[in-house]
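What you see is a predicted model; the values in this text were computed from it and never measured. So you know, we letter chains A, B, ... as the sequences are listed, proteins then strands, and number each from 1.
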Amino acid sequence: MTDPFDLAVSPAPAPPQPPSPPSAPAFAGGVAPVADGIAQLNEMQRRAVETVDGPVLVLAGAGTGKTRVLTTRLAHILASGRARPWQMLAVTFTNKAAREMRERVAGLLGCSVDGWWVGTFHAIAARMLRTHAERVALKANFTILDTDDQLRLLKQILEARGVDLKRNPPRLLSSLIQRWKDRGLKPEKVTEAEGADALDGLALGVYADYQERLQVLNAADFGDLLLHTLTLLLAEADVLERYQRQFRYILVDEYQDTNVAQYLWLRALASGHRNICCVGDDDQSIYSWRGAEVGNILRFERDFPGAAVIRLECNYRSTPHILAAASGLISHNRGRLGKTLWTPEGEGEKVAVRGVWDGEDEARMVCEEIEAQHGKGQALSGVAVLVRAGFQTREFEERLIVTGIPYRIVGGARFYERQEIRDAIAYLRLVVQEDDDLAFERIVNVPKRGLGTASLRTIHVLAGQAGLSLAAASARLVLTDELKPQARRSLARLLDDLERWRRGLATASPPDLARAVLDESGYTEMLRADRSPEAGGRLENLKELVSTIAEFDGIGGFLEHVSLVMDNDEAAGDDKVSVMTLHAAKGLEFDTVFLPGWEEGIFPNQRALDEGGAAALEEERRLAYVGLTRARKRAIISHALNRMVFGYWQNAVPSRFVGELPDGATDYVAAPGLFGGRAPSLDAIGRMAGPDASPASAPWHDAPRRSAPLLDGVPYKVQTRAEPATSFATGQRIFHQKFGYGQILEVSGDKLQIAFDKAGTKTIIHSFVEPA
DNA sequence: TCCCTCCTTGTTTTT
DNA sequence: CAAGGAGGGA
């Protein structure tokens, strides 16, 4: 196995940067509020803010004011005149966190933060990459692929290799490739042994093909944003130097969630002045499945010797009982740095643990409790239902509707991932960049234009042979008789439309143009004609999309936003109950938190356990810890005894986590009639769900999937047909697949006038013809 | 080419 | 149980 850290940057032992000359503070108006802000901090927080130079690692437990420290620190550095705004780099993990940081800094300093380097890893990487795209053989206007594009591309590659898609689903390949990228490994960096291991070497080959295709398409996926930027920094000394010099201070949020690529990226940038401050909590590391390395926390002190380590342990959020429950639970984990959270608050309610009959009962119990709380004056916006996996939201949603409690599903099917939105975006992408083959494929027959697989194949063949984009190949094909008249006509129409819209880029306002595209393409009409229940909502979504575009400078800016900010920042202002996954809840807090589905198999999730073993169990436990620590006043855990899984009723064992909660902090109540009216002993639960308990694996986990025998397929090439055209002369006899034999009447460029013996006279591109 | 039906197959978590 | 894909018929 490769040690990814071998990629090390030469540590460029830059001279310790002298403290910047105390220039006039850039934010005269902001200095006083910043001083105020600092004055309100506790001692540890203040140290974390004021230890400005050199490497700093802040271990911040849940609810200890992490975000506050981060934003105050940023503001403090600026207000003290050590750096100008563009000399600060602040990276977060999620868009939500980035947004919050921007808002709070803007509030603190009383100025706009537009254009500052505050954002997610991906957004910042994209920004750097656009500036230096040509260094990694991309053009500055490269497309950022979404998951859907990625899968389609992989599917094409697999098909071209003749691989059985059922045994090697694109999703699996995608995640393997993604994992390599997370570790900062380009195809040539993956070691032989590891490459050969993954799907008998298939995966590595596909990875290489995939990267090649992305290059040709002038596209990058999410992983590439980081990977290419890393390449940039490691291979282009001048680029590295430029950014090292520019970013005098670096702040990193949610540091425990960084993956290897991100870590190397940070280390490269910080290796000169070493002014890097990372804030994280090992107990809240819940993204290892995405390549996050908690080890980065430990590595930090090694790579930045002399780093100041500051612990924030005073919790301002939760009651002692909630804190005790969370601490007790997390203490079952072995691999942790260890923190002791304490709170100045008084007693409060114990954590409620409820046993119920089944999922329906659970939803009913939750809704009744919400109504009761609401009756006592609890705002609904202070209530959250946190589930392990997305599909669990459904039964709550149903019950909430019946009960009439306003709610919002956070993060569910994200706005920009909906089909109609993607289609619309594909149209816009194609208007902006006609070479975008993936967008072309997506919309060429949506709405139906009679351009099915056969026509598309023809287009592909020509595109491959002539090295053209699909749109360019289509433009040539419509001048010939290669396609059926009907297909040819509608393809021509589509190309005309695109051309006209493209001209509109200069003249029409972005929203007007988008509306025109949707109407004139027939997309809107298609939805109107659709009688299915979703159609109405889809039209609504498109309207919303069009109005969103108005907020951006142009279509281009909008598309960048769409690719990177895939969440919809729903107005959180309304008084609604939030329903979301535990992952989505990280960084949030609520008065009342419901934690349903604490059952073996669901939480901890069986699949995670099967794949990740003991380490995965600890991550599940951290997830439980994250869930509990979201609660300010009240936490209600529940488990059902019967659960419908895949259409079958299964009886469920309470989660081992229930048994791990410290007795004194919890209050167990079983629904009347369960356990003969008495609570089961928590010991018993612990025993039932203990490490030895291995509940029957769900049916889909039975046997490890066997990989298909390696099909030594044709190496993937854009070209699907071999020979380049031979030259043709007037009068020559030729043969055509579809039209049969004929004689060439005229040669003009790559087009031939041919009199076919049976099919009449037609115009054909020479590559479809062979000498008779 | 498109539509319908049957069948399989699968549910983490997200930039 | 659902959704999505494959395959067959119009």
Side-chain angles (χ1 to χ4, degrees), chain A residues 91-98 119-126 144-147 150-151 155 165-167 169-172 174-175 178 181-182 220-227 254 257-259 261-262 285-292 359 386-395 410-414 416-417 419 445 447-457 483-484 486-487 490 562-567 580-586 597 601-612 616 619-620 622-623 626-627 643-650 698-702 705:
Chain A
V91 279
T92 65
F93 215 63
T94 63
N95 291 304
K96 203 162 51 184
T120 62
F121 275 101
H122 291 86
I124 285 174
I144 299 172
L145 298 192
D146 62 29
T147 324
Q150 272 178 60
L151 291 177
K155 193 173 158 202
L165 291 177
K166 288 201 168 155
R167 287 178 182 278
R171 298 180 54 120
L172 179 65
S174 166
S175 72
Q178 204 53 58
K181 289 186 177 178
D182 287 340
D221 65 18
F222 279 116
D224 284 338
L225 294 178
L226 296 170
L227 194 57
E254 303 286 15
D257 287 329
T258 52
N259 61 34
Q262 288 161 334
S285 161
I286 54 176
Y287 283 105
S288 72
W289 51 273
R290 222 176 84 182
L386 307 183
V387 296
R388 174 63 181 87
F391 69 92
Q392 292 174 266
T393 58
R394 229 187 50 187
E395 58 189 353
V410 179
R414 281 176 293 284
Y416 292 115
E417 282 179 16
Q419 192 176 357
N445 203 28
K448 299 260 179 294
R449 297 190 172 89
L451 294 167
T453 43
S455 310
L456 199 56
R457 197 179 327 119
L483 295 169
K484 286 195 201 148
Q486 193 195 343
S490 50
V562 165
S563 330
L564 292 169
V565 187
M566 290 295 247
D567 63 347
M580 66 185 110
T581 64
L582 288 160
H583 284 86
K586 189 154 80 151
I602 292 187
F603 191 34
N605 177 283
Q606 186 61 45
R607 181 159 165 187
L609 259 38
D610 287 351
E611 285 170 9
E619 179 146 321
E620 294 287 301
R622 290 193 290 271
L623 208 41
V626 167
R643 187 70 73 177
M644 173 97 92
V645 181
F646 286 156
Y648 293 102
W649 281 104
Q650 307 206 327
W700 65 96
H701 293 126
D702 274 347
R705 209 159 275 279

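- In this structure, A:D224 pairs ionically with A:K181, as a charged nitrogen and a carboxylate oxygen lie closer than 4.0 Å.
- Taking atom CZ of A:R457 as the reference point, atom P of B:dT1 lies 8 Å away to the nearest angstrom.
- The side chain of A:R607 lies closest to B:dT12, out of B:dT14, B:dT15, B:dT12.
- Nucleotides B:dT13 and C:dG4 are separated by 15 Å at their P atoms, to the nearest Å.
- Counting to the nearest Å, the C1' atom of B:dT14 and the NE2 atom of A:H122 are 9 Å from each other.
- With B:dT12, B:dT15, B:dT1 as the choices, the nucleotide that has an atom nearest any side-chain atom of A:R290 turns out to be B:dT15.
- Taking for each of A:G450 and A:A608 the nucleotide of DNA chain B with the nearest heavy atom, the 5'-most of the two is the partner of A:G450.
- Ring geometry for A:W289 versus A:H583: interplanar angle over 60°, hence perpendicular rather than tilted (30 to 60°).
- Computed from coordinates, the A:D182 CG to B:dT15 P distance equals 14 Å when rounded to whole Å.
- In this structure, the nucleotide among B:dT15, B:dC3, B:dT13 sitting nearest to the side chain of A:T120 is B:dT15.
- Salt-bridge annotation for A:K586 and A:D257: present, with a side-chain N of the basic residue lying under 4.0 Å from a carboxylate O of the acidic one.
- Using a 4.0 Å heavy-atom criterion, one finds that A:F93 contacts the sugar-phosphate atoms exclusively.
- For the OP1/OP2 pair of B:dT15 and a distance below 4.0 Å, the side-chain nitrogens and oxygens of A:N259 include no atom meeting the criterion.
- With B:dT1, B:dT12, B:dT15 as the candidates, the nucleotide lying closest to the side chain of A:S455 is B:dT1.
- The residue A:A123 sits apart from the nucleic acid: no heavy atom pair falls under 4.0 Å.
- Nucleic acid contact class of A:F121 (heavy atoms, under 4.0 Å, all strands): none.
- Within 6.0 Å of CD on A:Q486 lie no more than 12 heavy atoms contributed by other residues, nucleotides or ligands.
- Residue A:L151 contributes atom CG, which lies 15 Å from atom P of B:dG10 at whole-angstrom precision.
- For the pair A:R643 (side chain) and A:Q650 (backbone), a donor-acceptor distance under 3.5 Å is absent.
- Separating the CG atom of A:D146 from the P atom of B:dT14 is a distance of 16 Å, rounded to the nearest angstrom.
- Taking for each of A:A454 and A:Q392 the nucleotide of DNA chain B with the nearest heavy atom, the 5'-most of the two is the partner of A:A454.
- One finds no side-chain N or O of A:T453 lying less than 4.0 angstrom from the OP1 or OP2 phosphate oxygen of B:dC2.
- The side chain of A:E611 lies closest to B:dT12 when the candidates are B:dT13, B:dT15, B:dT12.
- Checking the phosphate oxygens (OP1, OP2) of B:dT15, no side-chain nitrogen or oxygen of A:T147 falls inside 4.0 Å.
- Formation of a donor-acceptor pair under 3.5 Å by the A:E620 side chain with backbone atoms of A:A608 is not found in this model.
- Atom OH in A:Y287 sits about 6 Å away from atom P in B:dT15, given to the nearest Å.
- When rounded to the nearest whole Å, the span between NZ of A:K586 and P of B:dT14 equals 11 Å.
- In this structure, A:W289 counts as stacked on the base of B:dT13 under the 5.5 Å centre distance and 30° plane angle limits.
- Look at CZ on A:F391: it is 15 Å from C1' on C:dA3, rounded to the nearest Å.
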